[in-house]
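Keep in mind the model is a prediction, meaning the values are calculated, not measured. Side chains included, hydrogens not; waters and symmetry mates left out as well; all remaining heavy atoms used. In this chain, residues are counted from 1 in sequence order.
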Amino acid sequence: MNKRVSLAFGALCVLSWSLSGCASTPPPDEDPVQIKLKDLDTRLARIERVMANQSLLELSNQLEALRSDVRAMHNDLDQVGNALEANRKQQRDIYADLDQRLKNLESRGPSTPGAAAGAAGAGAASVGATSGGAGAPASGPDGASGEDKTSYQAAFNLLKDGQYDRAIAAFQKFLASYPDSSLADNAQYWLGEAFYVTKAYPEALAAFQRMIDKYPQSRKLPDALLKIGFCRYEMKQFEPAREMLGQVVARYGDTPAGHLAQQRLDRMSAEKH
């Protein structure tokens with residue numbers, strides 16, 4: 001009996017010791033290493049979230065910058081398109097003006113001062129030819145024969161056909177060959193027009209100025225003054241352009257040149273030049 005009690009008491013002691021040992025061992029979730037790892041995981045997750053937010057912010061900023069660049073490019077394209085359209089309109093105006101002047105000159109025929117003088121000279125020469133012989137060539141008062149008219153007409157035809165470079169060379173050759181021809185003022189003017197339509201504005205300006213200086217009595221004087229104003233405008237010399245166009249309006253206000261000068265002045269005011 002005593003032996004059984006002793007065995008039972010020993011078993012209880014062993015059980016009690018086992019239970020106390022288990023209670024003294026910390027549970028797995030309270031392990032310091034595990035706690036440290038969990039803390040590191042939490043901190044790493046937080047850092048990853050911050051970095052992700054920063055990346056999104058950077059991407060958003062980059063996207064906004066790209067959008068700004070696209071808007072700027074659209075604005076540049078609009079400006080280029082407007083400039084191109086203005087250039088096209090200006091080119092159409094130049095061609096229309098040149099075409100109208102050519103038509104006016106063709107419709108006037110020999111009524112221009114140079115042609116009229118040539119016709120008068122030819123009439124006088126024909127009278128002299130009646131007494132001097134039928135084979136004498138008709139010549140104007142400047143002593144030029146009909147060759148100058150043929151040369152002038154050839155250059156003029158090149159201009160009408162749009163062969164501007166060849167027309168320029170032809171008018172220059174005419175002026176060198178027949179400087180005293182009754183058609184020289186017209187040739188000098190159309191030389192300037194040929195330069196102008198090809199946008200060689202400094203050369204056109206010099207040609208028109210030479211026409212004014214050398215032929216101040218020519219009927220092409222208002223047109224030459226107008227085109228000097230136009231050349232100044234195209235060369236962005238706005239003050240001299242405004243001054244010249246103002247002179248045309250003041251001196252020839254009721255003529256086509258005066259009307260065109262006023263239109264260009266109005267355009268310059270609208271453009272704030």
Side-chain angles (χ1 to χ4, degrees), residues 72 75-105 112-114 155-156 159 162 164-165 167-169 171-172 174-176 179 184-273:
N75 291 335
D76 292 341
L77 287 175
D78 290 340
Q79 292 177 2
V80 170
N82 293 335
L84 181 60
E85 182 58 31
N87 189 294
R88 287 174 177 170
K89 182 180 183 303
Q90 178 187 7
Q91 196 68 23
R92 289 194 297 268
D93 292 343
I94 290 174
Y95 284 127
D97 177 63
L98 178 59
D99 184 64
Q100 185 60 46
R101 290 171 185 274
L102 290 171
K103 289 179 180 178
N104 291 340
L105 184 63
T112 59
F156 190 74
L159 182 64
Y164 302 119
D165 290 339
I168 289 170
F171 279 123
Q172 289 174 331
F174 173 88
L175 291 167
D185 61 333
N186 283 345
Q188 186 66 47
Y189 174 82
W190 291 116
L191 174 62
E193 286 283 9
F195 278 127
Y196 184 85
V197 79
T198 57
K199 296 187 177 182
Y201 300 120
E203 291 81 358
L205 177 63
F208 290 127
Q209 187 62 56
R210 180 173 176 78
M211 188 244 143
I212 293 172
D213 295 339
K214 194 170 182 179
Y215 311 103
Q217 303 303 318
S218 173
R219 284 183 58 184
K220 304 299 291 182
L221 183 65
D223 296 324
L225 292 170
L226 173 71
K227 281 307 177 71
I228 286 179
F230 282 9
C231 289
R232 295 289 189 188
Y233 173 86
E234 298 298 342
M235 296 165 67
K236 302 187 184 306
Q237 299 175 1
F238 298 119
E239 285 302 323
R242 182 177 293 279
E243 181 180 351
M244 180 58 69
L245 294 172
Q247 291 183 22
V248 176
V249 172
R251 296 170 59 182
Y252 310 102
D254 294 332
T255 66
H259 297 320
L260 290 172
Q262 186 60 58
Q263 290 176 10
R264 184 57 61 93
L265 286 171
D266 294 340
R267 175 178 170 182
M268 292 177 66
S269 297
E271 295 172 346
K272 301 185 184 305
H273 292 318

Task: Positive for side-chain hydrogen bond (donor to acceptor under 3.5 Å, both in side chains) with Y233, one of H273, E271, R264 - done: E271
Of all heavy-atom pairs between [X] and [Y], which one has the smallest distance, and what is that distance?
{"X": "V248", "Y": "A257", "answer": "CG1-O, 3.7 Å"}
{"X": "A184", "Y": "L175", "answer": "O-CD2, 3.5 Å"}
{"X": "C231", "Y": "L205", "answer": "SG-N, 3.8 Å"}
{"X": "A194", "Y": "I168", "answer": "CB-CG1, 3.5 Å"}
{"X": "A167", "Y": "A155", "answer": "CB-O, 3.9 Å"}
{"X": "N186", "Y": "K220", "answer": "OD1-CG, 3.3 Å"}

Open item on the list: side-chain contact (heavy atoms from CB on, under 4.5 Å), that's the test. Do F171 and L159 meet it? Break it down for me.
Closed with: CA-CA 10 Å; F171 279 123; L159 182 64; 4.2 Å; yes
Open item on the list: Show, in sequence, the C-alpha distance, side-chain angles and deciding distance for K199 and E234, and conclude whether the salt bridge (charged side-chain N to carboxylate O under 4.0 Å, His left out) test is met.
Closed with: CA-CA 9 Å; K199 296 187 177 182; E234 298 298 342; over 6 Å; no
Quick one, [X] and [Y] - any side-chain contact, counting heavy atoms below 4.5 Å?
{"X": "L191", "Y": "F174", "answer": "no"}
{"X": "M268", "Y": "R242", "answer": "yes"}
{"X": "Y252", "Y": "L226", "answer": "no"}
{"X": "Y189", "Y": "K227", "answer": "yes"}
{"X": "E193", "Y": "F208", "answer": "yes"}
{"X": "F230", "Y": "L245", "answer": "yes"}

Task: Q247, M211, Q209 screened by side-chain contact (heavy atoms from CB on, under 4.5 Å) with I228, the one that passes - done: Q209
Open item on the list: More than 12 heavy atoms of other residues, nucleotides or ligands under 6.0 Å from CZ of R210: yes or no?
Closed with: no
- [ ] Might you confirm whether atom CG of D254 has over 12 heavy atoms from other residues, nucleotides or ligands at distances under 6.0 Å?
- [x] no
Task: Interatomic spacing from CG in L221 to CG in D185 - rounded to 0.5 Å - done: 10.5 Å
TODO: Start with the C-alpha gap between T198 and E203, add the side-chain angles, then the distance that decides, and say whether side-chain contact (heavy atoms from CB on, under 4.5 Å) holds.
DONE: CA-CA 10 Å; T198 57; E203 291 81 358; over 6 Å; no
